[in-house]
Amino acid sequence: MLKVKTSGKWEEALKTSISIRNFPRFIVDEPKSLGGTDEGPNPVEYVLAALSSCTSVMIGLISKEKNFSYQGVDFENDATLDLQGLMGVEGVSPHFQSVNFDVAIRTHEHDSRIEELKEEVEKRCPVYNLLKDAGVRIESNWYKK
């Protein structure tokens, strides 16, 4: 089992500083339109970033297992959430309603190998599965760049 740990400190308004291991503290905040100071990404933006970075890690690990060669990967993603859920409206989920996730992989591998890699990554990526298991509709599009 792997144990992960973070700590946080409320700074002001909707701004929190976060510490992870020995890295510099970073700010999590909300845009001014939601009452924040806009001094850092908000929590759900970090979740989307975590989806890209976790997928990247899994591509690296699984590529070694499957002898899949690639030269680079670019990610683009966006998500929708219903702010009514954040504001406490009954029956409206506060988490993402949907996520669009594009993975552009620079490779000379055949499309069937890209699909095989995609399936294995999506089966094993912790962040992808956290979203999927929460019932978030994920539209992923993997393509050769």
Distance from K15 atom NZ to T37 atom OG1, nearest 0.5 Å? 5.0 Å
Can you tell if the side chain of V99 reaches within under 4.5 Å of the side chain of E139, non-hydrogen atoms only? no
Quick one: does Q97's side chain have a donor or acceptor within less than 3.5 Å of a partner on H95's backbone? yes
Verify the cluster assignment for L14 and L86: are they in a single hydrophobic cluster under the rule of side-chain heavy atoms below 4.5 Å apart? no
How far does CD of E119 sit from CD1 of I114, to the nearest 0.5 angstrom? 12.5 Å
Shortest non-hydrogen contact from T107 to S69? OG1-O, 2.5 Å
Would you confirm whether S56, through its side chain, and S52, through its main-chain N or O, come within 3.5 Å as a donor-acceptor pair? no
Please report the shortest heavy-atom distance between C54 and P126, naming the atom on each side. SG-CD, 3.4 Å
Which class fits the ring pair F75 and F101: parallel under 30°, tilted 30 to 60°, perpendicular over 60°? parallel
Considering non-hydrogen atoms only, spot the tightest contact between G60 and Y70 and give its length. CA-OH, 3.5 Å
Closest approach of E109 to K144 (non-hydrogen atoms, all atoms of both residues): O-NZ, 2.7 Å
Minimal heavy-atom distance between T80 and S98, with the atoms involved, is OG1-OG, 2.8 Å
Are the side chain of N42 and the backbone of D29 linked by a donor-acceptor contact shorter than 3.5 Å? no
same_hphob_cluster(I138, Y46) at 4.5 Å side-chain heavy-atom cutoff: no
Any side-chain heavy-atom pair of F68 and R113 under 4.5 Å: yes
Can you find a heavy atom in the side chain of E122 that is under 4.5 Å from one in the side chain of W142? yes
Non-hydrogen side-chain atoms of V103 and N141 separated by less than 4.5 Å: no
Side chain proximity check, E116 to K66, heavy atoms < 4.5 angstrom: yes
Check whether the side chains of E11 and T16 place a donor and an acceptor atom closer than 3.5 Å, and report yes or no. no
Does F26 share a hydrophobic cluster with V47, counting links as ILVMFWY side-chain heavy atoms below 4.5 Å and allowing steps through other members? no
side-chain contact (heavy atoms from CB on, under 4.5 Å) between D102 and N77, worked out: CA-CA 6 Å; D102 290 339; N77 46 29; over 6 Å; no
Assess whether atom CD of E12 is packed by more than 12 heavy atoms of other residues, nucleotides or ligands within 6.0 Å. yes
Do NZ/NE/NH1/NH2 and the carboxylate oxygens of R124 and E65 come within less than 4.0 Å? yes
Heavy-atom distance under 4.5 Å between the side chains of V28 and E45, does that happen here? no
Give the intermediate values and the outcome of side-chain contact (heavy atoms from CB on, under 4.5 Å) for residues S19 and T6. CA-CA 6 Å; S19 294; T6 67; over 6 Å; no
A quick test of your reading: do over 12 heavy atoms of other residues, nucleotides or ligands sit less than 6.0 Å from CG of N67? no
How close do V136 and F96 get, counting heavy atoms only, and between which atoms? CG2-O, 3.4 Å
Judged by modelled atom types alone, do D82 and S93 share a side-chain donor-acceptor pair under 3.5 Å? no
Please determine whether side-chain contact (heavy atoms from CB on, under 4.5 Å) holds for the pair V4 and I20, giving the CA-CA distance in whole Å, both sets of side-chain angles, and the decisive distance to 0.1 Å. CA-CA 9 Å; V4 295; I20 301 174; over 6 Å; no
Please round to the nearest 0.5 Å and tell me the distance separating atom CG of L61 and atom CD1 of I59. 10.5 Å
Any chain of hydrophobic side-chain contacts (each under 4.5 Å) joining V73 to V57? yes
Atom pair CG (L83) and CG (L34), whose distance is rounded to the nearest 0.5 Å: 6.0 Å
I need the C125 SG to L130 CG distance, nearest 0.5 Å. 9.5 Å
Verdict with supporting geometry, N129 and K123, side-chain contact (heavy atoms from CB on, under 4.5 Å): CA-CA 7 Å; N129 282 280; K123 182 170 91 174; 5.7 Å; no
Atom pair OG/CD of S63 and E120 - distance to nearest 0.5 Å: 11.0 Å
